[in-house]
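Down below is the structure, laid out as structure tokens.
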2 protein chains.
Amino acid sequence: MSALTGLSPYTLRYYEKIGLLTGIARNDQGYRDYTEQDAEWVRFLKVLREMDIPIHEMKRYSDLRSQGPSTVKERRAMLEAHRDRVARQMERLEENMGKVRDKIKLYKQMEKESEAGRTE
Amino acid sequence: MSALTGLSPYTLRYYEKIGLLTGIARNDQGYRDYTEQDAEWVRFLKVLREMDIPIHEMKRYSDLRSQGPSTVKERRAMLEAHRDRVARQMERLEENMGKVRDKIKLYKQMEKESEAGRTE
DNA sequence: TTACACTTTAGAGCGCGCTCTAAGGCAACC
DNA sequence: GGTTGCCTTAGAGCGCGCTCTAAAGTGTAA
């Protein structure tokens, strides 16, 4: 499973411990027996994590999911809220990128000038 | 200063403690006396932090800056490296946004269907 | 048979980036 | 003089998200 999702076994067990992963089957030896659905869910959790959703929100989302289709509306609302948050974050990043690019330009200028100085 | 930069006094003192802020002047009472240059530097630190540069990299950058103009090239290289990292991160975010948007669409579909079911 | 590589658990530990506490000092106002 | 409100310091504490340890169990291969 770890190989399938890119999450460490530690993380997978941790997610199960805090209730993000529920109803994971076990085989005769008591080992976890992940299904393809489990894998899909884990991959979606990973998408959310990569977008920096806090764990407690993922937990909330996960709990809603466990409660069945009646929670679809709330789940959608959560995703939309997060989508908007990420969009704003990307705008800020873009803004800061601009400042960094300005600084890079400035440095290039300084490098050029110091070289000119050396050859004078 | 806190008001000027949006960082808490705690954070400002912490940054000084770890060497991100150096040479801050003091008045007669031993209180910190920030200059406009200090403020500018703090604002730039804030830009970097908002782009999630780790503190130890900011420290490295800050140390280079203290060493004077001879380090401009290396500083530029650091900024360029980070610029590229952020660009890649934004791509990943965009990708994940797509997946979230798909899920939102799916949920909308489910909501519509469940409503249709109810009115039949 | 014994070693190896994996699994299980509860709970401890860690790195990060702050954030706060405690104890004390100084300036201004009532 | 006392209170308020800000400043100083060293060092403790915190929330997050893992990550690892220790001790035990199981199946496979030499």
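Residue numbering restarts at 1 for every chain, and letters A, B, ... go by the order of the sequence lines.
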*Could you please name the option among dC16(C), dC16(D), dT19(C) that lies closest to any side-chain atom of His56(B)?*
dC16(C)
*Whole Å only: how far is the CG atom of Leu12(B) from the P atom of dC6(D)?*
16 Å
*asked:* Please check: side-chain N/O of His82(A) versus main-chain N/O of Glu57(A), any donor-acceptor pairing under 3.5 Å?
replied: no
*Nearest-angstrom distance from the residue atom NZ of Lys17(A) to P of dT7(C)*: 16 Å
*When you measure from the centre of the six-membered ring of Phe44(A), is the NZ or CZ of Lys99(B) under 6.0 Å away and within 45° of the axis?*
no
*asked:* Strictly below 4.0 Å: does Arg26(B) bring a side-chain N or O up to OP1 or OP2 of dC7(D)?
replied: no
*asked:* Check Glu80(A) with Arg85(A), please: is the shortest side-chain N to carboxylate O separation under 4.0 Å?
replied: no
*Choosing from dC18(C), dG17(D), dC20(D), which nucleotide comes nearest the side chain of Ile55(B)?*
dC18(C)
*Nearest-neighbour nucleotide for the Tyr31(A) side chain, dC18(D), dT8(D), dC6(C) considered*: dC6(C)
_What is the separation between atom CD1 on Ile24(A) and atom C1' on dT9(C), rounded to the nearest whole Å?_
17 Å
*Selection from dT19(C), dT9(C), dG17(D) that lies nearest to any side-chain heavy atom of Pro54(A)*: dG17(D)
*Please determine if a side-chain N or O atom of Arg13(B) lies less than 4.0 Å away from the OP1 or OP2 oxygen of dC7(D).*
no
_d(CG, Asp28(B); P, dT8(D)) in whole Å_ = 14 Å
_Distance test, side-chain N/O of Gln29(B) to OP1/OP2 of dT8(D), below 4.0 Å_ = no
*asked:* Using whole Å, what does the distance between atom C1' of nucleotide dG17(D) and atom CD of Glu57(A) come to?
replied: 15 Å
*Taking OP1 and OP2 of dC6(C), is either one under 4.0 Å from a side-chain nitrogen or oxygen of Arg32(A)?*
no
_Crowding at CZ, Arg60(A) (>12 non-hydrogen neighbours, <6.0 Å)_ = no
*Using atom NZ of Lys59(B) as one end and atom P of dC16(C) as the other, report the distance to the nearest whole Å.*
15 Å
_Rounded to whole Å, how long is the line connecting atom CD of Glu16(B) with atom P of dA10(D)?_
11 Å
*Taking only the side-chain nitrogens and oxygens of Tyr15(A), find out if one of them lies under 4.0 Å from OP1 or OP2 of dC18(D).*
yes
*asked:* At less than 4.0 Å, is any side-chain N or O atom of Thr11(B) found next to OP1 or OP2 of dT19(C)? Yes or no.
replied: yes
_Nearest whole Å is fine: how far is dT9(C) P from Tyr10(A) OH?_
14 Å
_Can you tell me how the ring of Tyr107(A) sits relative to the ring of Tyr61(B), calling it parallel under 30°, perpendicular over 60° and tilted otherwise?_
tilted
